[in-house]
There are 2 protein chains.
Amino acid sequence: MIIIGEKINSSNKKVASALEKRDTEYIQKLAKNQAEAGADYIDVNAGIFGEQEAELLTWLVRTVQSSVQKPCCIDSPNPDALEKALEVHQGRAMINSITGVKESRQKLIPLVKHHEAKVIALCIGEGGIPETADDRVRIGGSIIDDLENEGIPLQNIYIDPLVQPIATNPSSARIALEVIENIMNRYPGIHTVCGISNISYGLPSRRAINAAFLTMALAKGLDTAILNPCDPLMLSSLLASEALTGRDSYGLKYIAAFRKGKIK
Amino acid sequence: MIIIGEKINSSNKKVASALEKRDTEYIQKLAKNQAEAGADYIDVNAGIFGEQEAELLTWLVRTVQSSVQKPCCIDSPNPDALEKALEVHQGRAMINSITGVKESRQKLIPLVKHHEAKVIALCIGEGGIPETADDRVRIGGSIIDDLENEGIPLQNIYIDPLVQPIATNPSSARIALEVIENIMNRYPGIHTVCGISNISYGLPSRRAINAAFLTMALAKGLDTAILNPCDPLMLSSLLASEALTGRDSYGLKYIAAFRKGKIK
């Protein structure tokens with residue numbers, strides 16, 4: 001499982017405050033903790049800051065990468081902010097995200113190509129988020145076709161089925177799981193990715209829901225997840241699920257994590 | 001999910017000791033704790049006691065049922081022990097278990113019929129436990145045919161795919177999950193059941209593996225599980241998984257459990 005650490009997100013009040021103050025220490029601690037817990041990418045988001053977003057995103061990339069040797073997942077739909085952040089990024093970044101909307105494709109595909117970035121593609125079309133799994137797979141497929149036609153290899157594409165809260169739609173987990181299974185079966189070599197915690201929005205004790213959803217998604221083939229790797233329940237569930245699906249044969253990685261005190 | 005509480009099993013040293021001493025208080029406490037935690041059936045097992053098994057199983061049924069108003073899941077392959085235990089059982093018992101072996105079917109089907117019991121059927125044939133999911137489904141199907149021909153309704157049949165440890169075979173979770181999905185699709189109205197904790201035998205920190213396996217099995221349609229309902233991680237995972245699969249629409253049961261302090 002490729003882990004994208006979700007914690008440096010301006011929708012979190014403490015992160016927003018750290019951004020306002022350019023609190024290098026706070027941001028670098030979040031980056032380090034996530035990297036130590038197993039994050040492969042550090043998500044950086046300054047979305048709430050409007051006109052300042054490009055500047056803050058650039059600052060975040062620099063601040064994170066001067067403390068951990070990890071690539072960032074640069075989290076913005078704004079082509080200008082993405083472009084500036086990509087210019088200062090060391091190594092191969094991930095962009096979060098492109099959609100099936102024409103304007104998004106036209107502006108972001110050149111950036112993805114120029115920086116040979118990895119890219120998260122949301123199953124959103126011109127008409128918004130489709131209700132059915134089939135429609136999401138169709139939109140996902142059309143974005144994949146576009147990206148491949150532009151020479152972007154499948155292994156750099158991460159399809160996000162879009163995870164909506166079960167508190168507002170009891171079918172939303174089933175829909176996301178169906179999209180994951182379908183995309184993974186149809187496009188061998190591609191990746192799928194989810195923002196795991198979106199599923200539990202509006203419910204109490206969200207950690208148990210998040211952990212169970214990660215387990216179900218991993219069983220359907222999900223290979224990348226945006227999550228909090230510092231949550232021991234999440235990490236235990238992830239490692240247990242890898243042992244159960246045979247990705248971690250005989251549980252050897254699980255046993256090693258247990259010996260390091262990582263399994264709760 | 002129908003929960004069969006697994007704790008009163010003579011393979012546990014404390015339970016074996018309580019059985020030797022006919023320790024009513026100890027056994028009744030295990031029964032009560034499991035019933036309060038949500039068990040629908042209380043499994044009773046005296047398998048290690050050989051010739052004394054029938055007597056002890058009978059004592060267990062009486063002891064459990066004089067403390068909780070729950071049916072027992074009478075856990076023995078021994079027809080004589082099952083018969084004596086069934087004679088003292090109040091209400092509709094579950095028998096754990098019949099197999100595809102001819103002798104097992106011939107001796108146990110009359111008991112199931114006479115007591116109108118529910119019955120767990122293991123996917124074991126004359127040649128032992130089949131390696132592949134397909135062969136297990138085939139044996140399960142042949143037991144179902146036999147039971148139905150004897151007038152036992154599908155809703156009283158619980159197919160157990162047999163859960164073997166992932167520590168000895170990395171495919172064993174996949175095989176069990178495939179059998180569950182297949183049986184639930186082919187025989188609408190039937191039940192499937194697993195001994196959840198068998199999956200983690202030989203690994204450290206078994207609870208995380210058990211909880212993740214329960215989540216995966218529930219997502220495949222499993223509707224009955226033999227487990228420890230007093231483990232808060234297991235119960236949280238179960239309730240979270242029911243909310244995710246839409247069995248608990250809008251997470252209403254999950255929220256109620258959270259308010260009672262049952263979700264960790």
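A quick note: this is a predicted structure, and the numbers were derived from the prediction, not measured. So you know, we letter chains A, B, ... as the sequences are listed, proteins then strands, and number each from 1.
The minimum heavy-atom distance between A:P229 and A:A37, with the atom names listed, is O-CB, 3.4 Å. Of all the heavy atoms in B:A240 and A:A212, the pair that sits closest is CB-CB, 4.0 Å. The two residues B:C123 and B:I159 come nearest to each other via the heavy atoms SG-CG2, 3.7 Å. Across all their heavy atoms, B:V64 and B:C72 have their closest contact at CG1-SG, 3.9 Å. Between A:V15 and A:I8, the closest heavy-atom pair is CG1-C, 4.1 Å. Listed here is the closest heavy atom pair of B:C194 and B:I180: SG-CD1, 3.8 Å.
Ranking B:P204, B:A211, B:G251 against chain A, the residue ahead of the rest is B:P204, based on heavy-atom pairs under 4.5 Å. Between chain B and the residues A:A208, A:A219, A:A167, the largest count of heavy-atom pairs under 4.5 Å involves A:A208.
Proximity of A:I255 to B:L203: side-chain heavy atoms (C-beta onward) are separated by under 4.5 Å at one or more points.
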Could you please show the donor-acceptor pairs under 3.5 angstrom between chain A and chain B, with distances rounded to 0.1 Å?
from   : atom 1 : to     : atom 2 : distance (Å)
A:S205 : O      : B:Y254 : OH     : 2.6
A:Y254 : OH     : B:S205 : O      : 2.6

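B:L244 touches chain A through backbone and side chain together, each having a heavy atom under 4.5 Å away. Contacts between A:I209 and chain B at a heavy-atom distance below 4.5 Å involve backbone atoms as well as side-chain atoms. With a 4.5 Å cut-off on non-hydrogen atoms, A:L177 does not touch chain B at all. When heavy atoms are compared at a cutoff of 4.5 Å, A:I199 approaches chain B solely by way of its side chain, counted from C-beta outward. Neither the backbone nor the side chain of B:L252 comes within less than 4.5 Å of any heavy atom in chain A.
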Inset, instruction - Could you give me the CA-CA distance, side-chain angles and deciding distance for B:L154 and B:I144, then say whether side-chain contact (heavy atoms from CB on, under 4.5 Å) is met? - result: CA-CA 8 Å; B:L154 270 185; B:I144 295 166; 3.7 Å; yes
Inset, instruction - Any chance you could lay out the side-chain contact (heavy atoms from CB on, under 4.5 Å) test for A:L227 and A:I3, step after step, and finish with the verdict? - result: CA-CA 7 Å; A:L227 50 77; A:I3 298 175; 3.6 Å; yes
